[in-house]
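To start, the structure itself, in structure tokens.
Order of appearance sets the numbers: ligands from 1, and atoms from 1 within every ligand.
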Amino acid sequence: MKKEKLEQLLSEMTLEEKIGQLMQLTGDFYDGLQREMTGPLAQLGVTDDIMSFNGSVLGVSGAKDVIKVQKSYLEANRHQIPLLFMADIIHGYQTIFPIPLAIGCSWDLELAEKSAAVAAKEASVAGVHVTFAPMVDLVRDPRWGRVLESTGEDPYLNSEFARAFVRGFQGQDLTTDLTKVGACVKHFAAYGAPEGGRDYNTVNMSERQLRESYLPAYKAALDEGCQLVMTAFNTVDGIPATGNKWLMRQVLRQEWGFNGVLISDWGAVKELISHGNAENAKEAALKAIKAGVDIEMVTPCYIKYLKNLVVEGEVMEALIDEAVLRILALKDKLGLFENPYRDADVMKEKEVILCQEHRKAARELAENTCVLLKNDAVLPFNKNQKIALIGPFADSKDILGAWSWKGNQGDIISLAEGLKFKGVQLSLASGCEVESSSAVELAEAVTVAKKADVIVLALGESSAMSGEAKCRANIGLPQGQLELVKELKTIGKPMVVVLFNGRPLDLHGVIDQVDSVLESWFPGTEGGNALANLLLGEVNPSGKLTMSFPYAVGQIPVYYNHFSTGRPIITATDEYTSKYIDIPNEPLLPFGYGLSYTTFAYEDLQLSASKITVQDSLKITVKVSNTGLVAGAEIVQLYLRDVNAEVVRPLKELKDFQKVLLKPGVTKEITFTVTEDQLRYYHTDLTYTSDAGLFEVFVGTNSNDFLKDTFKLVK
Ligand code: GLC
């Protein structure tokens, strides 16, 4: 529909009808439909006539229900403005993929894009129009329950994944490609940096750090065409993001030119009161609309007070009009005026959802997201070994993670099922529960373990131990699981741990006690099949960590791209340097770390020049060889350091990476190209430029293991 027609439609709407478009209700307002509650439900006091012009619905899906609600809604809507259906399709609709923190560890943008495309296709036939994803919050604190939704601690890598997810969700043409859904990048901004790793807590950082580390991935999603932005619960420089005019009008709208829809997070408009930033719901509505929030998610401040605020001259009706126009434009872009049911189709749901092609995509991604953290020659197994599979996750279906509300237990392949499908000689015992244990379970596990050749321990966190509002001050495995490891170790057989978890853990008492550790995160619907392929060597692990594993929780925040400080530690015995006296500075496992069943060697790092100008590009080559006995994929990483700058620069910054598959004995020359724009940073006056001077180059298998060289930028 042309802009003029939308403006014409707007001109025919009453003020109440306009304000209705700015409201989003949950499904239980529509015949009490099944819906996903992801936050506290306020008493809204919404009347039936308000219902007839509510703009969007949260958390309703299923073609039959969506068609039913849309049909009855349109019968009551004077202007035939269709309802917008939004939901949290974070890493899959019913075919659930690994959690985003796992997807990040694949370093595979194509597989990431494909996972979003599958999620969109399934969600779209189920009647969903917009997904509240990608979540691109940069994370450095594994105590925070929502690190599982992020792709990690690096701004560049998060930006690349943000683009890939948006491409997968939205495709090239949302209007005509009905297999796609609108994407909503979140949570704007810096939600991943709450003090103490405690959800919804205060975020305190300089504008420079915000722009340098936390904003890039949101911007990348918008540069890729993301249609919506969701505000964050936290404050940004003392002002709640949802009422933060600088963040939304200045940065998002003016600097970045974003003209899409800005939706609050669940109840975040009303929470301006709890923040102490609004006296009441009326002032919360005033602040949020002035800050630029178009849709208020599931609280009634707008619907109750905006009309009065306009009548009283506190709010220009033009502010409401601009918000309504953006929402109408989104509905138009989705083709909803012409086809309010879009791709919702009960028959197609049966064909598309959980089809073999989608399961294969989920299995392939899970095979690429698992990270081999340790392997003292025990993995891979061969099929004639007798395996004792022990632990709370041995045959668990709780392997989807916290944001998989449409995932059904019956569709999931557990680790035990995956191994059984492969014909492995398997004996099972729980050994303990996730967070409790008993002497009986322990004794049974010991009996089973003694009869086997190899012990596989399936350990970790339940999906209820991570996710929103699921923060942990201690990030080790629960005590019962640690005792199980200790007890089984006394048997003296090879031991492998497979981890199911939503955050980097403190692995003391685990990784130091066993021969091998395979990190599977929450591997999704096809997790058991993927893990069986990896444990039996049919697939060689290639995942690399995108979030550091701390040595201890006291070390947090620990991340690779940190500054030098004025007293960097050189040797552990140094006095008066920036160090702990009881643990090392380095994380237990660094960013970019991950092992393989083969080995890789790096040699012959070459730079095309020792000096470049702003016009030049620098070619960097390195030779990578597969020095082992099996084929494997290696993720070659390129980091740079600006050695001397106007503001201190990280010791390393990821600038590029390549995933290369090598057969045994094969050597491949990998080439990277660096240009001046990759050397820029925010100066003291926040201008984003580069400086002449010395740069260090690191190319390697992780952020701690690399070849090094230098070059100069001359101006
Ligand atoms: C939740 C989450 C947000 C989600 C929204 C809708 O509170 O913060 O990520 O998209 O509510 O469910």
Notebook entry, point to check: Between the side chains of D398 and S463, is a donor N or O closer than 3.5 angstrom to an acceptor N or O?
Noted result: yes

Item checked: salt bridge (charged side-chain N to carboxylate O under 4.0 Å, His left out) pairs, two or more places apart, involving residues 155-168 -> E113-R167, E160-R163, R163-E224, R167-E224

Next item on the list: Begin from the C-alpha positions of E435 and S462 and carry the test side chain to side chain donor-acceptor pair (under 3.5 Å) through to its verdict.
Entry: CA-CA 9 Å; E435 293 189 85; S462 71; 4.7 Å; no

Notebook entry, point to check: Do any N/O atoms on Y191 end up under 3.5 angstrom from N/O atoms on ligand 1?
Noted result: no

Notebook entry, point to check: For ligand 1, is any non-hydrogen atom under 4.0 Å from M230's backbone (N, CA, C, O), its side chain (CB onward), both, or neither?
Noted result: side chain

Item checked: Part of M86 within contact of ligand 1 (heavy atoms, under 4.0 Å) -> neither

Check: Is a side-chain N or O of T369 found less than 3.5 angstrom from the main chain of C105, in a donor-acceptor match?
Finding: no

Next item on the list: Check ligand 1 against W266 and write out every atom of the ligand that is under 4.0 Å from a heavy-atom position of the residue.
Entry: 7 (O), 11 (O)

Notebook entry, point to check: Of all residues at least two apart in sequence or in a different chain, which pass the side-chain hydrogen bond (donor to acceptor under 3.5 Å, both in side chains) check with T525?
Noted result: none

Checklist line | Per-atom contacts, ligand 1 versus R146 - under 4.0 Å to a heavy atom | finding: 2 (C), 3 (C), 8 (O), 9 (O)

Next item on the list: For M135 and ligand 1, answer yes if some heavy atom of the residue is under 4.0 Å from a ligand atom, otherwise no.
Entry: no

Notebook entry, point to check: For the ring pair Y191 and W144, is the centre-to-centre distance below 6.0 Å?
Noted result: yes

Note to self: Is it the case that ligand 1 has an N or O less than 3.5 angstrom from some N or O of D265?
What the structure shows: yes

Check: With a 4.0 Å cut-off on heavy atoms, does E149 reach ligand 1?
Finding: no

Check: Could you go step by step and tell me if D154 and Y559 meet the side chain to side chain donor-acceptor pair (under 3.5 Å) rule?
Finding: CA-CA 9 Å; D154 183 77; Y559 48 94; over 6 Å; no

Check: Are side-chain N/O atoms of E296 and T299 paired as donor and acceptor at under 3.5 Å?
Finding: yes

Margin query: Need the ligand 1 atom indices (1-based, order shown) with element for anything under 4.0 Å from a heavy-atom of F233.
Written below: 7 (O), 8 (O)

Next item on the list: For K186, take its heavy atoms, then give the atoms of ligand 1 lying under 4.0 Å from any of them.
Entry: 3 (C), 4 (C), 9 (O), 10 (O)

Item checked: Polar contact flag for E468 and ligand 1 (N/O pairs, less than 3.5 Å) -> yes

